[in-house]
Engineer: 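Take a look at this one; I'll ask things after.
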Amino acid sequence: MPRNSIQPAVGPETTALRLPRKRMSKWELYSRRFRRNRPAVAGLVIFAVLVLFALVAPLLARYDHIELDFLNLGEPPSGEHWLGTTSAGNDTFAQVAIGLQRSLMIAVAVSVGTTVISAVVGTAAAYFSGMFERLTLLLIHFLMVVPTFLLLAMFSNSSGGDWRIISLIMILIGWFFPARVIWTMALSLREREYVHAARYMGVPGMKIVLRHMLPNIGSLLVINFTLGVVAAVMTETGLSFLGFGVKIPDVSLGSLIGSGANTITSAPWLFYFPAAALTLLTVSMALVADGLRDALDPTSAAGGRA
Amino acid sequence: MTNALLSVRDLKVSFPSETGTVDAVRGISFDLEAGRTLGIVGESGSGKSVTSLAIMGLLDENVRVSGSITFDGQELLGKSDKQLSAIRGNGLAMIFQDPLSSLTPVFSIGDQLIEALTVHRKLSKRAAWARAVELLETVGLPNPEGRMKSFPHEFSGGMRQRVVIAIAMANKPKLIIADEPTTALDVTIQAQILDLIAKAQSETGAAVIMITHDMGVVAKTADDVLVMYAGKPVEKAPVHELFHRTRMPYSIGLLGAIPRVDKAEKQPLIPVKGNPPLLINLPDACPFATRCPIAIDACHTREPDLVSVDNDEVGEHKTACIRSHEITDGGLIDGHPVFPVPDIPERALAGVPREDRPVTLEVRNLTKTFPLMKGAFLKRKVGEVHAIRGISFDIREGETMAIVGESGCGKTTTLLQIMDLVEQVDGDILLGGTSVADVRGGHAERTLRRDIQIVFQDPMGALDPRMTVADIIAEPLRAIGTKKAGSETRVDELMDLVGLDPTHSNRFPSAFSGGQRQRIGIARALATSPKIVVLDEPVSALDVSIQAGVINLLDELKAKLGLSYLFVAHDLSVVRHIADRVAVMYLGAFVEHGSVDEIFEDPQHPYTQALLSAIPIPDPDVERTRERIVLSGDLASATDQVGGCSFASRCQLFKVLPPEKQARCLGEVPPLTGPENAHRNACHFR
Ligand SMILES: Nc1ncnc2c1ncn2[C@@H]1O[C@H](COP(=O)(O)OP(=O)(O)OP(=O)(O)O)[C@@H](O)[C@H]1O
Ligand code: SF4
Ligand code: SF4
Ligand SMILES: [Mg+2]
């Protein structure tokens, strides 16, 4: 065999040796960088506790969030009602747990939706360029000047407070900002040689977008998703606070804070407990997003340090 | 002590990193006297740049530097930034590879020169200006007075490097450190810049450290040579000694791996197997042992010291190899070559004359113009760039056609036009007889694409970092609808073919070295069994020792599979080695086209002649005695509409022609003339 004329490739004498003994996998590296960021780790722990609380607390609670306890109207926290009751007799503990659950569901659904749509639209616009790109950008720029929050308020009000419809509307008005950011990122990707290579092999355009472009902005998408959760929680809270969000008997952190704000002097617990849950949720997610950015993005403030 | 200007003793540099301490430089010592040139060569990552940065005191604070660096009687290590900058200003100058990064973009070059002149000594505004103009004149910048107010981005790479050299000369340096000063430049410009550095040296009497990976540049410029490997010098000798009495296997490998423009017979190149070690926790052994063909047990037990070859203390020729004394001239050991010469199989089609072989790719009158746009908001067309101006050629089965030319001449554009299957207005591209104009629809296009595949220059950028090697190689197969089972066996077959271990097919590209990645790219290109493979500078991003292996592979694949290559390169040595036919391109048109031996043995066009004479040959005797044509000026711009020969502005023949003949050069575009498929050139007077 004339194999001897070709130098051996990966083998004991080449790559394997070149790599340091304890070669770190990508994930090890990411998690190591993430763990170095203390606040991010704290954020992750807080977030986990909140999720756990939202899932488990309704099972532990003595009352569910709809049930009215006519013997305890507007009571402060007690052994019976751990976080007090509303003036109608709802158990605040159960309400906060369910509200948190609902807010989380909306936030995750919205963030998944916007991330997926913005990623596909942004990268596809960059890859296909030409007419498609120009039309997409035109649409995005048009949507940017539309007062979307007002539209959102209108539509969600007429939806009767169904959280699924609210999420859908939030996705529809939330995808274009990130889409534009992703488009700018993807512009450099479309000039990568492996993208050209795929095109010259005859791989169809949409496949190139899904196979080569999307995975390579993966870290950006993860960060976008995390920040998207924070933004969605805030938007939903804003809506519900103004009374356009989820409607009784369904509750979310926003609607709880909204009604609690009215009684802040007479029954402060109605405001402070949901507000505390909200603050913990957004702050923890923001910290996690920050940590992810440092861990995944070599050009961030943490630098290219391993 | 000696009267050395610079004396480095046991210099060690290490960088902290997460995976461990990187020992980038592990003990290097040398003396350099005024007026002499020390060449430092070695592969990427061998510590060349770090050494120079340490001498300049430009390393970060968290970097550990030990040893001693005495310059002009002063110890540099341990000096504060301020003291160092005073010393630098009065005698140390550095020329970097990328001239753009060493000039500040927001200041005019005049300001930057004047600042360099006045920062360390008192000089009136007037005098500084006058001296600056004088310096620009010395470095050969046309119209220096007018150029003082220009900004760096207005210059071409070669001109910027001239400005950097002018700045370096400003303070009458005693030592000039040039780190790959010409790597980013074209050969004709490289020749100018190397001459200029030599001029700067002779004018200032400075010592020069010339850092390069190009043995030709070393042969041309250096008095003494230091070969570095894994952060240590492994051979140190006067230049003649090093090239003619090489005693260290790594240096022998480096020299054997370079294709030569001045050698006609096609011997296979001698690749050095494997890769350099990582510089973390190196064992106490010869760092080259894993790649060394003559390694013995003792090599693995202790790292050899750099000692004199002749076993005496005073000898100038030193190596770090325990078997040096057994090696004789010509890289032989016990009468056998240190590196076994690989054999390349005979070409299957070698006996068939060119005319009898089928044409795989034919290009007729290919043109491409880019509109030149201006204006930030409303873009309007203000002109045209004629990137390709009507080129025609054909490639037969089993043949390699190379297009050579300086950067910006339109090589890559040509390839992309072909790969994009762009329909031509007044010409055609035919793949195996099918015109691209007849291709309609995705299916027909995919069928055509099976026959033509591409290998890119940058082995990293061409592979999707998030896909495994198996997926990467299988991608073209999937694109043409091959079933998974079929593609899996094909992937193994291909990896075997290009010399990769198929059991590594589930790894990601980042686990492979540059040369291996390029092999993956080649395997991918071969997946659909194409008839023609387009190669865009496939080895220019690789180190010479690795490059040789890839070139041999390409040679072998051509012989085995009867492939045709369309090969684009700026390195003429590689072209001479691999090509059967060559076209020399200048400003979007072929100026000479013929068989490889015709072009290299008997260049006709003045541009080809200049190009060939500009390549440094890795042999100091040949290099320093040959006649060379140094072109003046830069590559003209493709926007200029020329009524005559586009090369006239730089042509050395033009300058000696009588006026009436010059008028013809300027007034009439010379066509590519000569018999069909023979040696043709585009010059009126050749
Ligand atoms: N700032 C840094 N931090 C960590 N490691 C570094 C740093 N700079 C250089 N190194 C490492 O030091 C080693 C030597 O690098 P150096 O730049 O001197 O190589 P070189 O011989 O100049 O290579 P090239 O031919 O690519 O310019 C390499 O392993 C490199 O990765
Ligand atoms: S010391 Fe041994 S391994 Fe190192 S170069 Fe010499 S013979 Fe080869
Ligand atoms: S035509 Fe005139 S200018 Fe052009 S290459 Fe020939 S001699 Fe030189
Ligand atoms: Mg370097």
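Below, chains carry the letters A, B, ... as their sequence lines are ordered, and counting in each starts from 1.
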Engineer: So which part of B/Leu416 gets closer than 4.5 Å to some heavy atom of chain A, the side chain, the backbone, both or neither?
Structural biologist: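 Its backbone and side chain both get close to chain A.
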
Engineer: Tell me, for B/Ile454 versus chain A, whether the close heavy atoms (under 4.5 Å) come from the side chain, the backbone, both or neither.
Structural biologist: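 Contact with chain A: side chain only.
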
Engineer: Tell me, for B/Arg450 versus chain A, whether the close heavy atoms (under 4.5 Å) come from the side chain, the backbone, both or neither.
Structural biologist: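 Neither the backbone nor the side chain of B/Arg450 comes within 4.5 Å of chain A.
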
Engineer: Check whether B/Glu445 gets within reach of chain A through its side chain, its backbone, both or neither, counting any heavy atom under 4.5 Å.
Structural biologist: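 Neither; nothing under 4.5 Å.
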
Engineer: Give, as side chain, backbone, both or neither, the part of B/Asp420 having an atom under 4.5 angstrom from any heavy atom of chain A.
Structural biologist: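 Backbone plus side chain of B/Asp420, per the 4.5 Å heavy-atom cut-off to chain A.
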
Engineer: Answer yes if the side chains of B/Arg478 and B/Thr482 hold a donor-acceptor pair under 3.5 Å, and no otherwise.
Structural biologist: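 Distance-only check fails for B/Arg478 and B/Thr482.
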
Engineer: Would you check if there is a donor-acceptor pair between the side chains of A/His196 and A/Arg199 at a distance under 3.5 Å?
Structural biologist: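 A pair is found: one side chain offers a donor N or O, the other an acceptor, under 3.5 Å apart.
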
Engineer: Side chain to side chain donor-acceptor pair (under 3.5 Å) between A/Tyr194 and B/Arg524: does it pass, once the steps are laid out?
Structural biologist: CA-CA 11 Å; A/Tyr194 55 81; B/Arg524 174 174 66 184; over 6 Å; no

Engineer: Side chain, backbone, both or neither: which part of B/Met467 has an atom under 4.5 Å from a heavy atom of chain A?
Structural biologist: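 Contact with chain A: side chain only.
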
Engineer: First locate atom NE2 of A/His212, then atom OG1 of A/Thr123, and finally report the distance between them rounded to the nearest 0.5 Å.
Structural biologist: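 Spacing of NE2 (A/His212) from OG1 (A/Thr123) equals 13.0 Å.
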
Engineer: Give the C-alpha distance, both sets of side-chain angles, the deciding distance and a yes or no for salt bridge (charged side-chain N to carboxylate O under 4.0 Å, His left out) between A/Lys207 and B/Glu475.
Structural biologist: CA-CA 11 Å; A/Lys207 264 210 184 119; B/Glu475 189 166 22; over 6 Å; no

